[in-house]
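Presented below is the structure to which this report refers.
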Amino acid sequence: QVQLVESGGGLGQAGGSLRLACVVFGIFFSRRVMGWYRQAPGKQRELVAVITSGSRTNYVDPVRGRFTSSRDNAKNTVTLHMSSLKPEDTAVYYCSAGGDCWGPGTQLTLTS
């Protein structure tokens, strides 16, 4: 059974840093492209970052230079390091394996 479990959300302060993690079960993790998405209140879910099986990364413009994704294939884990956080980063953050398997999401709320 495929399962993705995000952690690390919560309440943070603008300008600060936080780290999200996603542990993946039930798939051949090391071969999967992993993605981080987010959905802010009243908005559609949007892609934030992608990390390939070889750890090549790509980021959307609003987070480029502030967010960094990495993965540990031995631990079936992908992380998202977020810095210089802004109130507009407030959202539910999801990890996804290949865009077809999803975690339940973790809420991140930033205060100014």
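Owing to the predicted nature of the structure, the values given are computational and were not obtained by experimental measurement.
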| query | Tell me, which pairs form a disulfide bond (SG atoms under 2.5 Å apart) where one or both residues lie in residues 41-84, sequence neighbours left out? | reply | none
| Is there a side chain to side chain contact (heavy atoms under 4.5 Å, CB included) between Thr111 and Leu11 once you walk through the steps? | CA-CA 8 Å; Thr111 59; Leu11 190 64; 3.9 Å; yes
| Can you tell me if Ser84 uses its side chain to pair, donor with acceptor, with the backbone of Gly15 under 3.5 Å? | no
| request: First locate atom OG of Ser53, then atom CE of Met34, and finally report the distance between them rounded to the nearest 0.5 Å. | output: 11.5 Å
| Atom CD of Gln44: over 12 foreign heavy atoms under 6.0 Å | no
| request: Only pairs at least two apart or in different chains count here, so list each ring pair (Phe, Tyr, Trp, His ring centres under 6.0 Å) that has a residue in residues 33-55. | output: Tyr37-Trp102
| request: List in chain and number order the residues that pass salt bridge (charged side-chain N to carboxylate O under 4.0 Å, His left out) with Arg64, two or more places apart in sequence or in another chain; answer none if no residue qualifies. | output: Asp61
| query | Looking at CG of Asn76 and SG of Cys22, how far apart are the two atoms once the value is rounded to the nearest 0.5 Å? | reply | 10.0 Å
| request: Answer whether the closest heavy-atom distance between the side chains of Lys75 and Phe29 falls below 4.5 Å. | output: no
| message | My understanding is that only residues two or more places apart in sequence, or in another chain, count here; which of them pass side chain to side chain donor-acceptor pair (under 3.5 Å) with Asn73? | response | Arg71
| task | Using the test side chain to side chain contact (heavy atoms under 4.5 Å, CB included), find all partners of Ser17 that sit at least two apart in sequence or belong to another chain. | result | Ser83
| query | So, for Leu110 and Ala14, which heavy atoms are closest and what is the spacing to 0.1 Å? | reply | CD1-N, 4.2 Å
| said: Taking the side chain as everything from C-beta on, heavy atoms only, tell me whether Gln107 gets closer than 4.5 Å to Thr90. | reply: yes
| query | Considering residues at least two apart in sequence or located in another chain, which fulfil the side chain to side chain donor-acceptor pair (under 3.5 Å) criterion with Arg31? | reply | none
| remark: Across all chains, not counting sequence neighbours, the side chain to side chain contact (heavy atoms under 4.5 Å, CB included) partners of Ser70 are Thr79, His81
| query | Sequence neighbours excluded, which residues qualify as side chain to side chain contact (heavy atoms under 4.5 Å, CB included) partners of Gln39? | reply | Arg45, Tyr94
Scan the side chains in residues 1-10 for donor-acceptor partners under 3.5 Å anywhere in the protein, sequence neighbours excluded, and list what turns up.
| from | atom 1 | to | atom 2 | distance (Å) |
| --- | --- | --- | --- | --- |
| Glu6 | OE1 | Gly105 | N | 2.8 |
| Glu6 | OE2 | Cys95 | N | 2.9 |
| Glu6 | OE2 | Gly105 | N | 3.3 |

| task | Go through the structure and list residues passing salt bridge (charged side-chain N to carboxylate O under 4.0 Å, His left out) with Arg32, not counting sequence neighbours. | result | Asp100
| query | Taking only residues at least two apart or on different chains, which pairs with a member in residues 9-18 satisfy salt bridge (charged side-chain N to carboxylate O under 4.0 Å, His left out)? | reply | none
| note | Ala91 meets the side chain to side chain contact (heavy atoms under 4.5 Å, CB included) criterion, sequence neighbours left out, with Arg38, Ala40, Tyr93
| field | Spacing of Leu85 atom CG and Arg66 atom CZ [to the nearest 0.5 Å] | value | 6.5 Å
| Linking I/L/V/M/F/W/Y whenever any side-chain heavy atoms sit under 4.5 Å apart, do Phe28 and Ile51 land together? | no
| field | Close side-chain approach of Leu80 to Phe67, heavy-atom, < 4.5 Å | value | yes
| message | A side-chain contact here means heavy atoms from C-beta on lying under 4.5 Å apart; do Thr57 and Thr68 qualify? | response | no
